[in-house]
S.K.: 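Pasting in a structure now, in structure tokens, and then I'll have a few things to ask.
Only a predicted model underlies this, so the values are computations on that prediction, with no experimental measurement involved. One is the number of the first residue; the rest follow in order along the sequence. The basis for the numbers below is simple: all heavy atoms, side chains too, and nothing from hydrogens, waters or symmetry mates.
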Amino acid sequence: MNRTSAAPNAEYAVSGRILAAPSWVFPASLHENCMFLAEKVQEVGVLCYAQADSLAYGQADLPLQLASLPLRWHVHLPLDLDWSKPVLAGHNCAAIMRKFAFLEARMAVLHPPKNFAAAKDITDKLALFAQSWQEHNLKPDALLLENVPEQNPAITARAAAAIGCSLCFDLSHYILYLRKNGVQGHTLPMPPEQFLAMTRIVHLCAPGVNSAEGHHLPLTELTEAEAALGARICAGFGQKTVFMLELFNWKDYVASLPILREWLALK
């Protein structure tokens with residue numbers, strides 16, 4: 001059965017596009033957050049950032065009533081995986097995905113390993129992860145590698161292509177990557193074309209100037225050059241791409257929506 005979602009409230013809708021939100025936009029349970037989001041977005045990205053907590057989820061955390069909400073779902077896999085044991089990491093992530101089988105979660109976003117010197121090491125670790133992932137009847141193209149600030153997105157794209165995965169593009173992470181590598185100016189370079197061609201979900205937020213500010217700020221905090229970059233990138237994606245404002249405060253989410261609408265109108 002293909003899960004469908006209701007059209008979001010016109011106040012929040014982005015015409016002709018799939019709008020998503022994270023499962024935490026205010027301090028409350030997953031169920032309460034998703035009930036709030038059900039008439040505002042079409043898809044929810046369930047945040048499973050901590051491996052142990054996610055593996056421990058039970059029915060109290062994931063009530064069956066979630067399945068009655070008019071939403072589609074994807075999962076953000078843990079950030080604290082042990083990449084010295086990629087096979088175990090794959091099995092654990094598959095176990096987490098089983099917990100969301102009743103929601104028919106379609107995709108899973110994964111931060112690739114970044115503490116390895118060579119691109120081949122990263123690809124080898126991901127290949128072992130993907131092998132264990134597939135042993136649980138999970139499709140490799142449902143696994144989306146996300147670009148991270150510490151890694152050239154071209155490396156991530158090549159690793160994804162090698163193992164048959166898809167990609168998640170994170171604007172904030174890409175801007176941080178450019179900053180770390182001293183790239184600045186009035187016109188910022190586009191990500192690799194191969195990365196964008198393989199992207200199925202887009203994460204959108206602004207990075208802070210420093211780590212103390214956090215890196216999930218509303219799009220209103222982007223510089224002029226960063227906003228222009230975001231507009232060029234988003235206008236190039238197709239109708240099936242999921243756009244998620246990765247903001248954990250509903251006021252920030254609402255403040256960012258008009259900017260996303262402007263970007264997507266630039267076709």
Side-chain angles (χ1 to χ4, degrees), residues 22 45 49 76 79 83 109-123 125-126 144-163 165-238 241-248 252-253 255-267:
Y49 287 162
H76 196 305
L79 304 177
W83 283 106
V109 176
L110 175 69
H111 280 201
K114 53 183 180 287
N115 298 321
F116 296 91
K120 182 180 183 303
D121 294 336
I122 294 169
T123 302
K125 295 289 182 183
L126 286 167
L144 281 58
L145 302 186
E146 181 176 336
N147 59 299
V148 291
E150 300 83 1
Q151 192 178 105
N152 186 327
I155 292 175
T156 309
R158 286 197 295 270
I163 61 175
C165 292
S166 303
L167 292 169
C168 169
F169 176 75
D170 189 296
L171 176 64
S172 176
H173 288 176
Y174 182 61
I175 292 171
L176 289 172
Y177 169 78
L178 294 178
R179 289 182 188 173
K180 287 175 180 288
N181 288 275
V183 180
Q184 52 188 325
H186 294 296
T187 302
L188 296 173
M190 290 283 282
E193 185 176 340
Q194 181 190 18
F195 197 107
L196 299 180
M198 297 170 65
T199 293
R200 298 178 67 184
I201 295 178
V202 182
H203 285 175
L204 297 168
C205 61
V209 175
N210 55 61
S211 296
E213 293 181 345
H215 292 312
H216 290 88
L217 302 181
L219 298 182
T220 52
E221 297 300 312
L222 292 170
T223 67
E224 185 176 344
E226 291 164 355
L229 173 66
R232 295 200 310 275
I233 292 170
C234 286
F237 287 118
T241 306
V242 176
F243 292 88
M244 186 168 96
L245 293 166
E246 196 177 23
L247 296 161
F248 311 126
D252 290 346
Y253 194 103
S256 299
L257 266 176
I259 295 173
L260 177 58
R261 289 194 186 104
E262 287 178 14
W263 290 356
L264 295 176
L266 293 176
K267 275 280 190 190

S.K.: Spell out, as yes or no, whether a donor-acceptor pair under 3.5 Å connects the side chain of Asp170 to the backbone of Ser172.
M.R.: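 Side chain of Asp170 to backbone of Ser172, a donor-acceptor pair under 3.5 Å: yes, one is there.
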S.K.: Considering all heavy atoms of both residues, which atom of Phe169 and which atom of Pro191 are nearest to each other, and what is their separation?
M.R.: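 Nearest pair, atom of Phe169 first, then Pro191: CE1-CG, 3.5 Å.
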S.K.: Given the rule in the ring-ring contact (aromatic ring centres under 6.0 Å, His included) test, do His111 and His76 qualify, once you have shown the distances and angles that lead to the verdict?
M.R.: CA-CA 9 Å; His111 280 201; His76 196 305; 5.1 Å; yes
S.K.: Any idea which heavy atoms bring Leu219 and Ala206 closest together, and the distance?
M.R.: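 That would be CD2-N, 4.3 Å.
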S.K.: Give, for atom CG of Leu217 and atom CG of Leu247, the distance between the pair rounded to the nearest 0.5 Å.
M.R.: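 Result: 8.0 Å between the selected atoms.
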S.K.: So, Arg232 side chain and Leu188 main chain: donor-acceptor pair closer than 3.5 Å or not?
M.R.: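 Between the backbone of Leu188 and the side chain of Arg232 there is a qualifying donor-acceptor contact (under 3.5 Å).
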S.K.: Judged by atom type as modelled, is there a donor-acceptor pair below 3.5 Å linking the side chain of Gln151 to the main-chain atoms of Pro113?
M.R.: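 Yes; at least one donor-acceptor contact below 3.5 Å.
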S.K.: Calculate, to the nearest 0.5 Å, the distance between atoms CE and OH belonging to Met244 and Tyr253 respectively.
M.R.: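 So the CE of Met244 and the OH of Tyr253 are separated by 8.0 Å.
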S.K.: Looking at His173, Arg179, His216, which one forms a side chain to side chain contact (heavy atoms under 4.5 Å, CB included) with Pro207?
M.R.: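 Testing Pro207 for a side chain to side chain contact (heavy atoms under 4.5 Å, CB included) against His173, Arg179, His216 leaves exactly one candidate, Arg179.
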S.K.: Nearest heavy-atom pair of Pro192 and Pro153: which atoms, and what distance?
M.R.: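 For Pro192 versus Pro153, the nearest heavy atoms are CD-CG, 3.8 Å.
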S.K.: For Cys168 and Asn147, work out which heavy atoms get closest and say how close.
M.R.: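 The answer is O-OD1, 3.3 Å.
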S.K.: Got a donor-acceptor contact below 3.5 angstrom from the Glu262 side chain to the Ile259 backbone?
M.R.: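 A pair under 3.5 Å: no.
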S.K.: Looking at every non-hydrogen atom in both residues, tell me the closest pair between Thr199 and Thr241 and how far apart they are.
M.R.: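 For Thr199 and Thr241, the tightest heavy-atom pair comes out as O-OG1, 4.4 Å.
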S.K.: Quick one: does any side-chain atom of Ser256 pair with a main-chain N or O of Asp252 as donor and acceptor, under 3.5 Å?
M.R.: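 Present.
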S.K.: Could you check whether atom CD of Glu193 has more than 12 heavy atoms from other residues, nucleotides or ligands sitting under 6.0 Å from it?
M.R.: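 Check fails, neighbour count at 12 or below.
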